[in-house]
Number of protein chains: 2
Amino acid sequence: MKQISTRFSIAVHTLSLIAIIPNDCTGDFIAGSVNTNPVVIRRIMGMLKKAGLVDVRPGVGGASLLKAPNEITLLDVYRAVNVTEENQLFRIHEDSNINCLVGRNIERVLQEELRDAQSVMETRLAQTTLDQLISKFK
Amino acid sequence: MKQISTRFSIAVHTLSLIAIIPNDCTGDFIAGSVNTNPVVIRRIMGMLKKAGLVDVRPGVGGASLLKAPNEITLLDVYRAVNVTEENQLFRIHEDSNINCLVGRNIERVLQEELRDAQSVMETRLAQTTLDQLISKFK
DNA sequence: ACCGTTGTAACCATTATAGTTACTATTAAA
DNA sequence: TTTAATAGTAACTATAATGGTTACAACGGT
C-alpha cells in the first residue's frame with residue numbers, strides 16, 4: 001500500500017526544531033537532524049511558509065514560527081504538506097457502468113462514508129498541538 | 001498526494017454486486033460494471049478470497065459471499081486489499097539524528113499520535129456494513 | 001565584496017498503480 | 001470426450017508520486 005508521504009513527519013520534525021531552537025534553524029541544520037538532503041527540507045519549508053506556519057529569512061537564514069506552538073495542530077501541518085486542491089484521502093474508481101444498479105450508486109454512497117472516515121481522522125489530528133508533542137520529548 | 005488505491009472502492013463495488021446478484025457474477029461481468037479490465041477484477045477477487053470474504057468458483061465461474069452482508073464492514077474490505085503486513089497509513093522518516101532532542105524523540109511520539117488518527121478512521125470504517133451501503137442504492 | 005543561506009529547476013532511481021496480453025487450469029455442458 | 005467459458009497468474013507496459021541529488025541564481029548581514 002502507498003503510505004502518506006514522509007513529508008508530513010518531516011514537517012512536524014522541522015516545526016518542532018524551530019519551536020525549540022527559535023534561532024539558527026537553517027535548512028542545513030534541520031537536514032542534519034532529520035538526516036536527509038537540505039533541498040528536501042527547503043521544499044517542505046516552502047510548503048510550511050505557503051501555509052503561513054513559518055517565516056523563512058532568505059539570505060541570512062533561519063526560520064521562525066508564525067503561530068504559537070499551542071496553536072499549530074498536526075492537521076495544520078498535514079494540510080500544509082499534502083499538496084492537493086481537494087483533500088481526498090481515498091480514491092474512488094470512476095466511469096462505473098450507469099446501466100448497473102451498483103455502478104450508478106457506488107460512487108455517491110461510498111463518497112459519503114469515506115469522507116466521514118477521513119474526517120474523523122483529521123479531527124483526531126486537529127486535537128494534537130505542536131506544544132503537546134514537544135512536551136513528550138525527553 | 002498519493003491517495004489510497006481504487007482497489008478498495010473496486011472491492012466494495014465487487015462485493016456489492018455479488019451480494020445483489022448472488023449468481024452469475026463472473027469476473028467479466030463485474031469488470032463490465034466497474035468498467036475496467038477483467039484481470040484487475042480477478043486480482044482483487046483473489047485478495048477478497050484470501051481474506052475469506054468470498055468463494056470463487058474456478059471453471060464454472062461466479063462468486064459468493066462467505067459472510068452475510070451485514071457482517072462485512074468497510075474495514076474488512078479495506079484490510080483485505082491493502083496488502084501490507086503492518087497497517088501503517090502514515091509513513092515516518094527514519095534515521096533521525098539521535099544526538100538531537102527532536103531527532104531521538106520524534107519517531108516514538110509521532111508514532112503514537114498517528115496510530116491514534118489511523119485508528120479512529122478504521123473504527124469509522126468498521127461501523128459501516130455492506131448491507132447498509134447497499135440499502136442506500138436507488 | 002564576500003560568504004552562507006534560501007529558492008528552484010532539473011534530473012534520476014525507486015516504487016505503487018492499473019491496465020494489457022497471453023497462457024494454463026478448471027468445470028459444466030454438449 | 002470434446003468444447004466453451006471462466007479463473008488464476010505471469011509478464012509487460014505506461015504513468016505518477018516520492019525522495020534524493022546537483023547546480024545555480026538571488027538574497028542579505030558582516
Side-chain angles (χ1 to χ4, degrees), chain A residues 1-11 13-14 17-18 21 23-32 34-51 54-64 81-85 88-96, chain B residues 1-11 13-14 17-18 21 23-32 34-51 53-64 81-85 87-96:
Chain A
M1 185 214 155
K2 198 65 183 180
Q3 301 170 285
I4 289 172
S5 162
T6 56
R7 272 200 308 271
F8 179 35
S9 66
I10 294 178
H13 187 145
T14 297
L17 268 180
I18 300 173
I21 310 168
N23 306 318
D24 309 314
C25 260
T26 67
D28 280 40
F29 174 75
I30 298 170
V34 171
N35 204 15
T36 184
N37 192 291
V39 177
V40 172
I41 300 299
R42 283 183 230 151
R43 275 203 284 245
I44 290 172
M45 295 274 279
M47 295 178 188
L48 297 175
K49 185 178 167 185
K50 201 170 175 181
V54 301
D55 176 46
V56 186
R57 290 176 289 277
V60 53
S64 50
V81 299
N82 271 299
V83 275
T84 33
E85 58 288 1
Q88 306 242 359
L89 178 60
F90 297 92
R91 195 172 148 216
I92 300 182
H93 61 290
E94 299 170 344
D95 305 319
S96 287
Chain B
M1 185 215 156
K2 199 63 184 179
Q3 301 169 285
I4 288 172
S5 162
T6 56
R7 273 200 307 271
F8 179 34
S9 66
I10 294 178
H13 187 145
T14 297
L17 268 179
I18 300 173
I21 310 168
N23 306 317
D24 310 315
C25 262
T26 66
D28 279 40
F29 174 75
I30 297 170
V34 171
N35 203 16
T36 185
N37 192 290
V39 177
V40 173
I41 300 299
R42 283 182 231 151
R43 276 202 282 245
I44 291 172
M45 295 273 279
M47 295 177 187
L48 297 176
K49 186 179 168 184
K50 201 170 177 182
L53 295 178
V54 300
D55 177 45
V56 186
R57 290 176 291 276
V60 53
S64 50
V81 300
N82 271 300
V83 275
T84 32
E85 57 288 1
N87 228 345
Q88 305 241 1
L89 178 61
F90 297 90
R91 195 172 148 218
I92 300 181
H93 60 291
E94 300 170 342
D95 305 318
S96 286

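Chain letters run A, B, ... following the sequence lines, proteins first, then strands; residues in each count from 1.
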Enquirer: Between A:T26 and C:dG4, is there a contact of a side-chain N or O with OP1 or OP2 at under 4.0 Å?
Expert: no

Enquirer: For B:G62 and B:K2, take the nucleotide of DNA chain D holding the closest heavy atom to each; which residue's nucleotide lies nearer the 5' end?
Expert: B:G62

Enquirer: Taking side chain to side chain contact (heavy atoms under 4.5 Å, CB included) as the definition, give me every residue that meets it alongside A:T6, ordered by chain and number, with sequence neighbours left out.
Expert: A:S9, A:I10, B:R91, B:H93

Enquirer: Would you give a per-nucleotide map of nucleotides 20-30 of chain C, 5' to 3', where B means the base has a protein non-hydrogen atom under 4.0 Å away, S means only the sugar-phosphate does, and - means neither?
Expert: BBB---BSS--

Enquirer: Let me know the distance between CG of A:D28 and P of C:dG7, rounded to the nearest Å.
Expert: 13 Å

Enquirer: So, for B:C25 and B:I30, which heavy atoms are closest and what is the spacing to 0.1 Å?
Expert: O-CD1, 4.0 Å

Enquirer: With sequence neighbours excluded, tell me which residues meet side chain to side chain contact (heavy atoms under 4.5 Å, CB included) with A:K49.
Expert: A:V54, A:V56

Enquirer: Of all nucleotides in DNA chain D with an atom under 4.0 Å from a non-hydrogen atom of chain A, which is the first and which the last going 5' to 3'?
Expert: D:dT18 to D:dG28

Enquirer: Over all strands shown, is A:M45 touching base, sugar-phosphate only, or nothing at heavy-atom distances under 4.0 angstrom?
Expert: nothing

Enquirer: Could you tell me the separation between the CG atom of A:L48 and the C1' atom of C:dT6, rounded to a whole number of Å?
Expert: 14 Å

Enquirer: Using the test side chain to side chain contact (heavy atoms under 4.5 Å, CB included), find all partners of B:A11 that sit at least two apart in sequence or belong to another chain.
Expert: B:I44, B:L48, B:V77, B:V81

Enquirer: Please list, chain by chain and in numerical order, all residues satisfying side chain to side chain contact (heavy atoms under 4.5 Å, CB included) with A:V39, sequence neighbours excluded.
Expert: A:N37, A:R42, A:R43

Enquirer: For the pair made of CZ in B:R91 and C1' in C:dA16, what is the distance, rounded to whole Å?
Expert: 12 Å

Enquirer: To the nearest Å, give me how far apart CD (A:Q3) and P (C:dT17) are.
Expert: 10 Å

Enquirer: Can you measure A:I41 atom CD1 to C:dT5 atom P for me and round it to whole angstrom units?
Expert: 14 Å

Enquirer: Looking at B:Q3 and A:Q88, would you say the former's side chain and the latter's main chain have a donor-acceptor pair under 3.5 Å?
Expert: yes

Enquirer: Please work out if A:G46 contacts a base, only the sugar-phosphate, or nothing of the nucleic acid, heavy-atom cut-off 4.0 Å.
Expert: nothing

Enquirer: Are A:L89 and A:I4 close enough that some pair of their side-chain heavy atoms sits under 4.5 Å apart?
Expert: yes

Enquirer: If you measure from OG1 on B:T14 to CZ on B:R7, what distance do you get to the nearest 0.5 Å?
Expert: 12.5 Å

Enquirer: Go through it in stages, so that I can follow the logic: the residues are A:T36 and A:H13, the test is side-chain contact (heavy atoms from CB on, under 4.5 Å), and I'd like the CA-CA distance, side-chain angles, deciding distance and then a yes or no.
Expert: CA-CA 12 Å; A:T36 184; A:H13 187 145; over 6 Å; no

Enquirer: Between C:dT6 and A:K49, is there an OP1 or OP2 to side-chain N/O distance shorter than 4.0 Å?
Expert: no

Enquirer: Nearest heavy atom decides the nucleotide; on that basis, is A:C25 or B:I10 closer to the 5' end of DNA chain C?
Expert: A:C25

Enquirer: Can you measure A:I30 atom CD1 to C:dT5 atom C1' for me and round it to whole angstrom units?
Expert: 12 Å

